[in-house]
Amino acid sequence: MDESNEQRAQRIHKLDALKAMGVQPYGTRFETTHRVERLLAAHGATAKDDLEQRAIDCRIAGRIVALRRFGKAAFASLQDGAHRLQVYLKKDVLGDDAFRLSQELDLGDWIGVDGRLFRTKTDELTVEVRALTFLSKGLRPLPEKWHGLTDIETRYRQRYVDLIANPNVHAVFETRSRLISGIRNYLTEHGFLEVETPMMQPIPGGATARPFATHHNALNANLYLRVAPELYLKRLIVGGFQRVFEINRNFRNEGISTIHNPEFTMLEFYQAYADYRDLMALTEDLFGTLARDLLGAGTLEYQGDVIDLTPPWRRLPYFEAVVEYNALDRNVLEDRAAATAAARRLGLDVPEDASLVGILNLMFEETVEHRLTQPTFITDYPTEISPLSRRKDTDPRLTDRFELFIAGRELANGFSELNDPLDQRQRFETQAAQREAGDEEAHYFDEDFLRALEYGMPPTAGEGIGIDRLVMLFTNQASIRDVILFPQLRPEKPL
RNA sequence: GGGUCGUUAGCUCAGCUGGUAGAGCAGCUGACUCUUAAUCAGCGGGCCACAGGUUCGAUCCCUGUACGACCCA
């Protein structure tokens, strides 16, 4: 970008003008009495006469985002977080020196004001400023006041400008933070202990995904950024922690899309002595609690759909879903040739060497997932694609597992954990064979994890919830980049 | 990885089968003590993403590159 544009040069000149007035353009401590949000909440509806009688003084600070000058007075909008409050700068109230300072103000400057609340004759809540403190000079012009900043690339690369120009963006990230706090509170209140496990792992495990590789010089060891914390959290269950959770970043070396960022935030939690059904109930309750606390409702609108979070949510076995959503004959579940024919009739490209489960999984992903708008637990996933899940007692080809879909997207994945070390060893062997055959997403063989299981892991259920996608749902955002402050982009050309 | 579209002033955008660029906001100067997209008068501001090609002449047509968005894998 142009570093020497006209407006920037003019503002650098203004630094001298400020100094000439004895004003430090980059100030220091300023104690406020109120946040603008609080003032608006408290007095947004207080009547004009009432305000005058109560003579409410305040001291607030913020960035000037609008400025309307008259000869000997001016109105400015001060932005504090996602909220704005108008201030009135009037010569005969401010005094000559402060008014002269006010005439040097630019859009984008930070100021602090002392004054009294009143309502203008157009009934807008406003602070009549008695003392003006210059806090910090902005050297770059702000985006346009009416359209704001819309260029998507600039919004992501210079999120600071996006946050200034688009208060709704600020609000999205406040909601994100509150949602994560809400999850922490909920789990802590339910006896879960927050823990931290390695993000740099010698063997990346816990998910089918390609890892980022790195190297530790002093140890001369290859390490991977984790794709999931799962295997470490289960080691903690082996060690005797009954309920643990971790909220932090996972890294997957895969494509970027509206629902994928290379680093993303995951909640995983593990509960000893519970099964996957308990976790479905917990998930319903957790989402309901978050919706009530953050949205004040049991339903939310997402991209034109009304999503009803009222429990219980539908539970639909995986194979049943494939049959139901495509109105297929049940023989496709047993007969590979029939499944292939059905998939091809649906327009799917079936590889010659695909297994029956592979074909059914293809149908599930292509024809079912995106249609699961209302919250739905798909249960009983095939063992073949669930290498860490406990087998069903009634059918060892299936597992005690679910995935939660809302608005056509996977939001959570949970299961009763496989705690049989010998079965787990076999599953790893199968994965290792797939890896040998060229599947870069297949699980790595983790001998230490098996050793841990051999010490005995109590019956346990565990779940992962994609926090970014959950935030998308709660803030009605279509792209994951709009709920991640600094989404991954190709590096910018040097400035 | 493939396809489609985009990149013009600080921001938001125009720009005619190709003749060296416009608006609004923002900025600067002046007027104005209740405005809120303030108003009025005047004035500046451009490597038209980058590199080639075609042409007397390219913001415009062609090729490539970079970055981004969306769709597909």
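- Residue-level contact check: A:T150 touches the backbone only, with heavy atoms under 4.0 Å from sugar-phosphate atoms and none from bases.
- A distance of about 35 Å separates the P atoms of B:C25 and B:C62, rounded to the whole Å.
- In the displayed structure, A:H215 atom NE2 is contacted under 6.0 Å by more than 12 heavy atoms of other residues, nucleotides or ligands.
- Nucleotides B:G57 and B:U20, compared at atom C1', are 9 Å apart to the nearest Å.
- Other residues, nucleotides and ligands place more than 12 heavy atoms under 6.0 Å from the CZ atom of A:R68.
- Atom P of nucleotide B:C28 and atom CG of A:N5 are separated by 12 Å, given to the nearest angstrom.
- Base orientation of B:U20: syn (glycosidic angle within 90° of 0).
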What does the list of N/O pairs under 3.5 Å between the protein and nucleotides 67-70 of chain B look like, with a distance for each?
unit_1 : atom_1 : unit_2 : atom_2 : d
B:C67  : OP1    : A:R490 : NE     : 3.2
B:C67  : O3'    : A:R157 : NH2    : 2.9
B:C67  : O2'    : A:E153 : OE1    : 3.1
B:C67  : O2'    : A:E153 : OE2    : 2.2
B:C67  : O2'    : A:R157 : NH2    : 3.3
B:G68  : OP1    : A:R490 : N      : 2.6
B:G68  : O4'    : A:E153 : OE1    : 3.2
B:A69  : OP1    : A:R481 : NE     : 3.4
B:A69  : OP1    : A:R481 : NH1    : 3.3
B:C70  : OP2    : A:R481 : NH1    : 3.1

For the pair A:F287 and A:W313, evaluate ring pair (Phe, Tyr, Trp, His ring centres under 6.0 Å) and give the outcome as yes or no after the intermediate values.
CA-CA 11 Å; A:F287 280 36; A:W313 301 339; 5.6 Å; yes
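- B:G44 and B:G52 are spaced 35 Å apart, taking the C1' atom of each and rounding to whole Å.
- Nearer to the 5' terminus of RNA chain B, by closest-nucleotide assignment, is the contact made by A:D151 (compared with the other of A:G71 and A:D151).
- Across all strands shown, A:R11 has no heavy atoms under 4.0 Å from either base or sugar-phosphate atoms.
- Distance noted for atom C1' between B:C56 and B:A51: 23 Å (whole Å).
- Nearest to the side-chain atoms of A:F70 among the listed nucleotides B:G10, B:C32, B:C28 stands B:C32.
- Distance alone, capped at 3.5 Å, places no donor-acceptor pair between the A:S77 side chain and the A:A66 backbone.
- For the pair A:K137 NZ and B:G27 P, the computed distance is 10 Å after rounding to whole Å.
- Side-chain atoms of A:E6 and base atoms of B:G27 include no donor and acceptor less than 3.5 Å apart.
- A:F486 does not carry A:R159 over the face of its six-membered ring by the limits of under 6.0 Å from the centre and within 45° of the normal.
- In this structure, the nucleotide among B:U33, B:U12, B:C34 sitting nearest to the side chain of A:T120 is B:C34.
- Because its NZ or CZ atom is both nearer than 6.0 Å to the ring centre of A:F30 and within 45° of the ring axis, A:R59 counts as a cation-pi partner of that residue.
- Between A:R69 atom CZ and B:A26 atom P the separation is 12 Å, expressed in whole Å.
- The residue A:F118 sits close to a base: some heavy atom pair falls under 4.0 Å.
- Taking every side-chain heavy atom of A:Q10 into account, B:G27 is the closest of B:U12, B:G27, B:C34.
- Atom pair A:L67:CG and B:C25:C1' shows a separation of 14 Å (rounding to whole Å applied).
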How is the base pairing of RNA chain B summarised as a dot-bracket string, given the Watson-Crick and G-U wobble criteria with both distances under 3.5 Å, [ ] for crossing and | for another strand?
(((((((..((((.....[..)))).(((((.......))))).....(((((..]....)))))))))))).
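- The C1' atoms of B:C67 and B:A49 are separated by 8 Å, rounded to the nearest whole Å.
- The aromatic rings of A:F364 and A:F405 sit perpendicular, their planes meeting at an angle over 60°, well past the 30° parallel limit.
- Ring to ring, A:F212 and A:Y224 are not that close: their centroids are 6.0 angstrom or more apart.
- When the C1' atom of B:A31 is taken as reference, atom CZ of A:R68 falls 19 Å away, rounded to whole Å.
- Distance from the side chain of A:D106 is smallest to B:C28 among B:A26, B:C28, B:U35.
- Across the interface with RNA chain B, nearest-nucleotide mapping of A:L107 and A:R119 shows A:L107 to be the residue nearer the 5′ end.
- As rounded to the nearest Å, B:G24 and B:C5 have C1' atoms that lie 26 Å from one another.
- Each of A:Q10, A:Q7, A:K14 was scored for a side-chain hydrogen bond (donor to acceptor under 3.5 Å, both in side chains) with A:D106, with one residue passing: A:K14.
- Distance check on atom P: B:U29 versus B:G45 gives 16 Å, rounded to whole Å.
- Contact annotation: the side chain of A:R84 never approaches that of A:V36 to less than 4.5 Å [non-hydrogen atoms, C-beta and beyond].
- Contact annotation for A:G148: backbone-only contact, meaning every heavy-atom pair under 4.0 Å involves sugar-phosphate atoms and none involves a base.
- Taking only side-chain atoms of A:K14, from C-beta outward, the nucleotide of B:C28, B:G10, B:U33 with the closest atom is B:C28.
- Whole-Å rounding puts the A:L348 CG to B:A73 P distance at 10 Å.
- Comparing atom distances between the A:K72 side chain and each of B:U33, B:C34, B:C11 picks out B:U33 as nearest.
- Judged by the 6.0 Å and 45° rule, A:R249 forms no cation-pi pair with A:F264.
- On a pure distance criterion of 3.5 Å, a polar donor-acceptor pair joins the side chain of A:Q7 and the base of B:A26.
- Of the C1' atoms belonging to B:C16 and B:A26, the separation is 29 Å, rounded to the nearest Å.
- The interatomic distance linking A:I256 (CD1) with B:A73 (P) rounds to 18 Å, in whole Å.
- When rounded to the nearest whole Å, the span between NE2 of A:H13 and P of B:C28 equals 12 Å.
- The aromatic rings of A:Y88 and A:F118 sit tilted, their planes meeting at an angle between 30° and 60°.
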